[in-house]
Amino acid sequence: MGDARRHPAPVMPLLIACALGIEHLALRTGRGKGGPGPVTVIRTGMGPKAAENAVRRALGQDGVRGAAVIASGFCAGLAPGMHPGDLVVAEETRDDSGTTACTGAGLLVDALTRAVPGRNVHTGPVTGSGHVVRGAERAGLRATGAIAVDMESAATLRTAVRTGPRPVAAVRVVVDAPEYELVRIGTVRGGISAFRVLRAVLPAFHEWHRSLLLPRR
């Protein structure tokens, strides 16, 4: 028999999916390089259909097929008291096609608290939309129990688990909120704050990824 130490089991890769060029820039240039396994960051483009197509295509490539998946980028906060730069960790993602449970939300909360000290971290359901949500529509989504909305997370995670069983998560940074909508003065400041936070999340993603590789009892 061969020595198993000469042929270690392949490490589960990590795929991080975001929609916008500015999000991709933050995640590609952020602190915390050197995770426990291969990490790929893709830009899907805006909207659920673009996310679905890009994630399916990425997970069909050699070296990425068995990847754990994190949907990341910016979002609109739905809960009163949220501010630009706050973090959102999804316990589940929702859209008209169903609900996808997330893996290790509590671990991500703890890891983000260490990676980005001083920032509020909110947990709960994140809902998907095919368009930018404003005003009264936000209140309606909040009434369903969702704490944030974006256009790609639900489609990303749903596509990921339909492609094959795997851990999935969604971590978003609030870029606008009920009291800080994008159309208001202060948008640029809020956007800069959100960008800086997004650049700081990679250590938490690596910690979550590392936890998936530990033997389960």
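For reference, positions follow the sequence shown, starting with 1.
- The shortest distance between side-chain heavy atoms of V171 and L108 falls below 4.5 Å.
- The SG atom of C75 sits 13.5 Å away from atom CE of M151, with the distance rounded to the nearest 0.5 Å.
- With a 4.5 Å cut-off on side-chain heavy atoms, L112 and V201 count as touching.
- For the 3.5 Å distance criterion, the side chains of S72 and R172 fail to qualify, holding no donor opposite an acceptor.
- Counting only heavy atoms from C-beta outward, the side chains of H24 and V41 approach each other to under 4.5 Å.
- Here the OG1-CD1 distance, from T156 to I42, works out to 7.5 Å after rounding to the nearest 0.5 Å.
- Of all heavy-atom pairs spanning R94 and A154, the tightest one is O-CB, 3.5 Å.
- Between P203 and A115, the shortest heavy-atom distance links the atoms CB-CB, 4.3 Å.
- Although no hydrogens or angles enter the test, the distance criterion places no donor-acceptor pair under 3.5 Å between the side chain of E52 and the main chain of P48.
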Walk me through it: do T29 and R199 pass the test side-chain contact (heavy atoms from CB on, under 4.5 Å)?
CA-CA 7 Å; T29 63; R199 288 196 71 215; 3.4 Å; yes

TODO: Show the numbers, then the answer: is there a side-chain contact (heavy atoms from CB on, under 4.5 Å) between E23 and L25?
DONE: CA-CA 5 Å; E23 297 167 337; L25 177 65; over 6 Å; no

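- L212 is not connected to L157 by any chain of hydrophobic side-chain contacts under 4.5 Å among Ile, Leu, Val, Met, Phe, Trp and Tyr, and they are in different clusters.
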**OP:** Could you give me the CA-CA distance, side-chain angles and deciding distance for R119 and D86, then say whether salt bridge (charged side-chain N to carboxylate O under 4.0 Å, His left out) is met?
**Re:** CA-CA 6 Å; R119 290 291 177 177; D86 283 3; 5.3 Å; no

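- One finds the NE2 atom of H209 at 5.0 Å from the CG atom of L14 (value rounded to the nearest 0.5 Å).
- Closest approach of G104 and W208 over heavy atoms only: O-CD1, 3.8 Å.
- Between M82 and I147, the shortest heavy-atom distance links the atoms CE-O, 3.3 Å.
- Side-chain contact between E92 and T100 is absent, with no heavy-atom pair separated by less than 4.5 Å.
- What you find for V174 and G77 is that their closest heavy atoms are CG1-N, 3.9 Å.
- Atom-to-atom distance recorded for S153:OG and I70:CD1 is 11.0 Å, nearest 0.5 angstrom.
- Looking only at side-chain heavy atoms (C-beta outward), V175 and P84 stay at 4.5 Å or farther from each other.
- I16 is listed as a side-chain neighbour of L202, based on a closest heavy-atom distance under 4.5 Å.
- Of the inter-residue distances, the one linking L59 atom CG with R166 atom CZ reads 4.5 Å to the nearest 0.5 angstrom.
- Between the side chain of T44 and the main chain of C18, a donor-acceptor pair closer than 3.5 Å is present.
- Residues F195 and I22 have side chains in contact (heavy-atom distance under 4.5 Å, counting atoms from C-beta outward).
- Following chains of ILVMFWY side-chain contacts shorter than 4.5 Å, one can reach V39 starting from L107, so the two form part of one hydrophobic cluster.
- Looking at V89, V116, V88 one by one, the single match for side chain to side chain contact (heavy atoms under 4.5 Å, CB included) with V121 turns out to be V89.
- Partners of D110 under the side chain to side chain contact (heavy atoms under 4.5 Å, CB included) rule, at least two apart in sequence or in another chain, are R114.
- The distance from atom CG of D176 to atom NE2 of H83, rounded to the nearest 0.5 Å, is 13.0 Å.
- With contacts defined as side-chain heavy-atom distances shorter than 4.5 Å, the pair F205/L27 qualifies.
- Using modelled atom types, one side-chain atom of T103 and one backbone atom of V168 make a donor-acceptor pair closer than 3.5 Å.
- Judged by distance alone, with hydrogens and angles left aside, the side-chain atoms of H131 form no donor-acceptor pair with the main-chain N or O of S129 at under 3.5 Å.
- A distance-only check finds no donor-acceptor pair linking the side chain of E152 to the backbone of A19 [under 3.5 Å].
- Contact detail for V173 and G85: the closest heavy-atom pair is CG1-CA, 3.9 Å.
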